[in-house]
Student: 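Structure in structure tokens, see below.
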Amino acid sequence: MADPITTLDNLLRPAFDAVAADAAPVDPVVRASEHADAQANGALGLAKRLGRPPRDVADEIVAYLNDSGVLDGICDGIEVAGPGFINLSLSPEFLGAEVAALIGDERLGVAEADTARTVVIDYSAPNVAKEMHVGHLRSTVIGDALVRLLGFLGHRVIRENHIGDWGRPFGMLIEHLIDIGADAAGEGLSQGDLDGFYKAANAKFDASPEFQERSRQRVVALQSGDAETTELWLRLVSMSTDYFNTVYRQLGVLLDDDDLMGESRYQDLMASTIERLDAAGLLVDSDGARVVFPDGFTNRDGDPLPLIIQARTGGFNYATSDLSCVIDRVERLGADLLLYVVGAPQRQHLEMVFEVARLAGWLAPPAEAVHVSFGNVLGADRKMLRSRSGDAVKLVELLDEAVERAAAAVADKNPDLDDAARAEVARLVGIGSVKYADLSTDRIRDYVFDWDRMLSFDGNTAPYLQYAHARICSIFRRADLDRDAFAAQWSDDPTAIIGLGHEAERTLAKRLLAYPSVIAAAAAGYEPHTVCTYLYELSQEFTAFYEHCPVLRAEEPTRRDRLLLCDLVARTLGHGLGLLGIDVPEQM
RNA sequence: GCCCCCGUAGCUCAGCUGGAUAGAGCAUCGGACUUCUAAUCCGUUGGCCACAGGUUCGAAUCCUGUCGGGGGCGCCA
């Protein structure tokens, strides 16, 4: 029940190698094809290497395949076309048996990774006492999808939420907390008015030299571990993280308090980090600051660009913190893959941090660090998405609006649902739409945020996929069949080969079998949108099947086979969306 | 000034480890509801894949340059 493309690739290799008749192995280059079920393109490259006409080489490979019989029962058509493509048609029996083998497989054909890695995924990272806005949406949603995806492949995944809970602003924030009283502050913060709190503190800081001085002293007290200051700081942090948790629950991501690894957690490691850099001979004094000059980075004037480890004032900065973080993840957690789900502007900084970590020997193969970068969320004007007031859009308000809009759509389209069901569907569809819109385009690009498009039931959207799933559930409800029980009934029956008499069924079977390849590709590139594209194609092919192939009214055994196909589509949709952190409704 | 990312249909996007006439959705126009949810489907129109070179039997895909958009470039995080 592997992807037939993979199966063919493996089976064709010996034939290509035999015709090549030398030691170098040949890639058959098997791809899905419009002209057949699959095409092997490798003969063209091989012909070049052998200095022979491509069609002759292709013919010889086909002859070898026919003589050896390796494709007997698998392919019922092998022919050379065009300049030397080898077109391969899969036999219905083979496809039917392969797809039937998925019925009893909870993993839908996806094997666990050969070598499990320990992966730290750094994502979300909101700032204490600051509102979560759309800027945090992408990191949180993409990171969550990667957590689920890599976890499913059997890797040991460690979630880390590197919240901004330390640094200069905290003197100001703590003093403001004291001024207005912890209870009043708690009330405001628990209601989600984090921006109000931050802005008030900031305004006071700008206006009052006396407040500035208090704030400066408070930072010193915080850094020196003053008990009262620490207690106030902890209150501030916990009020904020409580708020973050409500947003995470609303959004449906896995992050919780156990994943918090804020900047403050690395403060005690900083001194030794600097010592180790010094011992490695990497530290250089530059204008009174202690820096490292990794190769390949230059500043405006073309001079070497330093990574500043310790400022002239003696203070540490985020480079130091990020290096300590690498050490912690590799040495304490035993990670061999560090993923940073961080916006594209941080690229140079992260590359410098990674390079210095390599120079210091902290990031030695097989351990590696990857910047999983992403673009901005844009408004209709193609500029950074802003609220009407010009501020960043609050994430909670965005999510509330998504659910409201979905509720209106559901009420309009399916008035028969009762209030509770409608509210639940609206939640799944609304939140799912926002997440899907974020995940369904190549993350490296900016994307345009458009309510109407993401909530549309047409096109590559969450509602379209969710609707396909709901329709399948509806078929089983109509037949008074439990999906799981029905699948279980046939999962161990080797005679339950699914008949694929209609082209739409055949197309669906091939798509279902391609799931493992898609998951592998998505994981290899840290690209959730690969899964989205696949699920959309699956949904389109399902609706074509739905239009052309009656399920319940079909004669046995076609009825059974179509029900099994429906179940596999529903499971694949549910599973794939699940990997993206999106839930599927039973009805819509 | 240097570096990075992006540029595919009117709009929003796939395709980019090179493969046969470049795909979806929206929008346009024309069809399909006594039939498992028409929240759907089918058809139609629409492209010098930013531009110019190069590599190759073959380039949207790889290389170089140009143009356009965005971002980064020493003591904030």
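Here the structure is a predicted model, which is why all the values come from computation and not from measurement. We name chains A, B, ... by the order of the sequence lines, and we start the count at 1 in each one.
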Student: Identify, with sequence neighbours excluded, every residue that meets salt bridge (charged side-chain N to carboxylate O under 4.0 Å, His left out) alongside A:E34.
Tutor: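 Partners of A:E34 under the salt bridge (charged side-chain N to carboxylate O under 4.0 Å, His left out) test: none.
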Student: Quick one: list whatever passes side-chain hydrogen bond (donor to acceptor under 3.5 Å, both in side chains) with A:Y436, sequence neighbours left out.
Tutor: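 Counting only residues at least two positions away or on another chain, A:Y436 forms a side-chain hydrogen bond (donor to acceptor under 3.5 Å, both in side chains) with A:N460.
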Student: Give one of base, sugar-phosphate or nothing for A:G84, where a contact means two heavy atoms less than 4.0 Å apart.
Tutor: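 The answer is nothing, as A:G84 stays clear of every strand by at least 4.0 Å.
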Student: Heavy atoms under 4.0 Å, any strand shown: does A:L552 hit a base, just sugar-phosphate, or nothing?
Tutor: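 Base: the residue A:L552, judged by heavy atoms under 4.0 Å, touches a nucleobase.
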Student: Indicate, with a heavy-atom threshold strictly under 4.0 Å, whether A:R312 touches base, sugar-phosphate, or nothing.
Tutor: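 Base, at least one base atom sits under 4.0 Å.
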Student: Kindly write out the residues that satisfy ring pair (Phe, Tyr, Trp, His ring centres under 6.0 Å) with A:H469, not counting sequence neighbours, or none if the list is empty.
Tutor: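 In terms of ring pair (Phe, Tyr, Trp, His ring centres under 6.0 Å), with neighbours along the sequence ignored, A:H469 is linked to no residue.
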Student: Report yes or no: is the cationic atom of A:R218 (NZ for Lys, CZ for Arg) under 6.0 Å from the centre of the six-membered ring of A:F205, at an angle within 45° of the ring normal?
Tutor: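 No, a cation-pi geometry is absent between A:R218 and A:F205.
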Student: Taking 4.0 Å as the cut-off, does a side-chain nitrogen or oxygen of A:Y546 come that near to OP1 or OP2 on B:rA39?
Tutor: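 It does not, given that no N or O in the side chain of A:Y546 lies less than 4.0 Å from OP1 or OP2 of B:rA39.
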Student: For A:R52, does the CZ atom have more than 12 heavy-atom neighbours from other residues, nucleotides or ligands under 6.0 Å away?
Tutor: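 Counting neighbours around CZ of A:R52, more than 12 heavy atoms of other residues, nucleotides or ligands fall under 6.0 Å, so yes.
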Student: Please encode protein proximity along nucleotides 9-18 of chain B as a string of B, S and -, counting only heavy-atom distances under 4.0 Å.
Tutor: ---SSSS---
Student: So which atom in A:N127 and which in A:G164 form the shortest heavy-atom distance, rounded to 0.1 Å?
Tutor: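 Smallest interatomic distance, heavy atoms only, reads OD1-CA, 3.4 Å.
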Student: To the nearest Å, give me how far apart CD (A:Q348) and P (B:rC76) are.
Tutor: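 The answer, rounded to whole Å, is 17 Å.
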Student: Looking at the side chain of A:F457, which of B:rA39, B:rG19, B:rA77 is the nearest nucleotide?
Tutor: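 Looking only at heavy atoms from C-beta outward on A:F457, the closest nucleotide is B:rA39.
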Student: If you count every heavy atom of other residues, nucleotides or ligands that lies below 6.0 Å from A:D381 atom CG, does the total exceed 12?
Tutor: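 More than 12 heavy atoms, drawn from other residues, nucleotides or ligands, come within 6.0 Å of this atom.
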Student: Considering only B:rC41, B:rA77, B:rC2, which nucleotide approaches the side chain of A:Y464 most closely?
Tutor: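 Selected nucleotide (nearest to the side chain): B:rC41.
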Student: Return each pair, listed once, that meets ring-ring contact (aromatic ring centres under 6.0 Å, His included) where at least one residue sits in residues 289-320 of chain A; pairs must be two or more places apart or across chains.
Tutor: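 Passing the test, one end in residues 289-320 of chain A: A:Y318-A:H349.
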Student: As a test of the definition: with a 90° window around 0 for syn, would you call B:rC33 syn or anti?
Tutor: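 Syn, angle within 90° of zero.
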Student: Please evaluate the base of B:rA20 for a donor-acceptor partner in the side chain of A:E34 within a cut-off of under 3.5 Å?
Tutor: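 No.
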Student: Going by side chain to side chain contact (heavy atoms under 4.5 Å, CB included), name the residues that satisfy it together with A:A32, two or more places apart in sequence or in a different chain.
Tutor: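 A:A32: side chain to side chain contact (heavy atoms under 4.5 Å, CB included) contacts with A:I5.
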Student: Using the side-chain heavy atoms of A:Q587, tell me which of these nucleotides is nearest: B:rG19, B:rC73, B:rU37.
Tutor: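 My answer, after comparing the listed nucleotides, is B:rU37.
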Student: Would you say A:S474 places a side-chain N or O within less than 4.0 Å of OP1 or OP2 belonging to B:rC36?
Tutor: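 No.
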Student: Checking only heavy atoms, does the side chain of A:S286 share a donor-acceptor pair with the base of B:rG74 at less than 3.5 Å?
Tutor: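 For A:S286, whose side chain was compared with the base of B:rG74, there is a donor-acceptor pair (under 3.5 Å).
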Student: Where each pair must be Watson-Crick or G-U wobble with both distances under 3.5 Å, what dot-bracket representation of RNA chain B is obtained, with crossing pairs in [ ] and other-strand partners as |?
Tutor: (((((((..((((.....[...))))..((((.......))))......(((((..]....))))))))))))....
Student: With sugar-phosphate meaning primed atoms plus P, OP1 and OP2, does A:R300 contact a base, only sugar-phosphate, or nothing at under 4.0 Å between heavy atoms?
Tutor: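 It contacts base atoms.
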Student: Write down the protein N/O and nucleotide N/O pairs, taken from nucleotides 26-29 of chain B, whose separation is under 3.5 Å; answer none if there are no such pairs.
Tutor:
none

Student: Determine the contact category for A:A81: base if any of its heavy atoms lies under 4.0 Å from a base atom, sugar-phosphate if only primed atoms, P, OP1 or OP2 are that close, otherwise nothing.
Tutor: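 Base contact - A:A81 has a heavy atom under 4.0 Å of at least one base atom.
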Student: Going by the rule side chain to side chain contact (heavy atoms under 4.5 Å, CB included), which residues pair with A:E368 if we only count those two or more places apart in sequence or in a different chain?
Tutor: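 Counting only residues at least two positions away or on another chain, A:E368 forms a side chain to side chain contact (heavy atoms under 4.5 Å, CB included) with A:R117, A:L337, A:V370.
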Student: Taking salt bridge (charged side-chain N to carboxylate O under 4.0 Å, His left out) as the cut-off, I'd like each qualifying pair that reaches into residues 425-441 of chain A, sequence neighbours left out, listed once.
Tutor: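 As it turns out, the salt bridge (charged side-chain N to carboxylate O under 4.0 Å, His left out) pairs with a partner in residues 425-441 of chain A, which skip direct neighbours, are A:R138-A:D438, A:E424-A:R427.
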Student: Counting any heavy atom closer than 4.0 Å, what does A:E351 reach on the DNA or RNA strands: base, sugar-phosphate only, or nothing?
Tutor: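 No contact.
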Student: Can you run down the salt bridge (charged side-chain N to carboxylate O under 4.0 Å, His left out) pairs that involve residues 466-476 of chain A, sequence neighbours left out, and say none if there aren't any?
Tutor: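 Of all non-adjacent pairs touching residues 466-476 of chain A, none passes salt bridge (charged side-chain N to carboxylate O under 4.0 Å, His left out).
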Student: Given B:rC41, is OP1 or OP2 found less than 4.0 Å from the side-chain N or O atoms of A:T543?
Tutor: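 For B:rC41, OP1/OP2 do have a side-chain N/O of A:T543 under 4.0 Å.
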Student: Do the side chains of A:R55 and A:D59 get close enough for a salt bridge, i.e. N-O under 4.0 angstrom?
Tutor: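 Answer for the salt bridge query: no.
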Student: Using centres under 5.5 Å plus planes under 30 degrees as the test, is A:F85 stacked with B:rG19?
Tutor: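 So no, this residue does not stack on that base, at least one cut-off failing.
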Student: Does A:A289 reach a base, just sugar-phosphate, or nothing at all? Heavy atoms under 4.0 Å.
Tutor: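 It contacts base atoms.
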Student: Students often get this wrong, so: under 4.0 angstrom with heavy atoms, is A:A479 touching a base, only sugar-phosphate, or nothing?
Tutor: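 Touches nothing.
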Student: Assign A:F316 to base, sugar-phosphate, or nothing according to its heavy-atom contacts below 4.0 angstrom with the strands shown.
Tutor: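 Sugar-phosphate contact only - A:F316 comes under 4.0 Å of backbone atoms but never of a base.
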Student: Name the nucleic acid region contacted by A:P83, choosing base, sugar-phosphate or nothing; use a 4.0 angstrom heavy-atom cut-off, strictly under.
Tutor: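 Contact class for A:P83: none.
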Student: Touch check for A:C473, heavy atoms < 4.0 angstrom, all strands: base, sugar-phosphate only, or nothing?
Tutor: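 It contacts nothing in the nucleic acid.
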Student: Enumerate, atom names and distances included, each donor-acceptor pair closer than 3.5 Å involving a side-chain atom of residues 520-537 of chain A, sequence neighbours excluded.
Tutor:
from   : atom 1 : to     : atom 2 : distance (Å)
A:T530 : OG1    : A:E527 : O      : 3.2
A:T533 : OG1    : A:H529 : O      : 3.0
A:Y534 : OH     : A:R511 : O      : 2.5
A:Y536 : OH     : A:Q540 : NE2    : 3.2
A:E537 : OE1    : A:R511 : NH1    : 2.9

Student: Which is true for A:D412 with a 4.0 Å heavy-atom rule: it touches a base, it touches only sugar-phosphate, or it touches nothing?
Tutor: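 Touches nothing.
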Student: Is A:N87 touching bases, backbone alone, or none of the nucleic acid, heavy atoms closer than 4.0 Å?
Tutor: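 Here A:N87 touches the bases of the nucleic acid.
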Student: Of the nucleotides B:rG19, B:rG72, B:rG74, which one has an atom closest to the side chain of A:L44?
Tutor: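 Taking heavy atoms from C-beta onward, the closest nucleotide is B:rG19.
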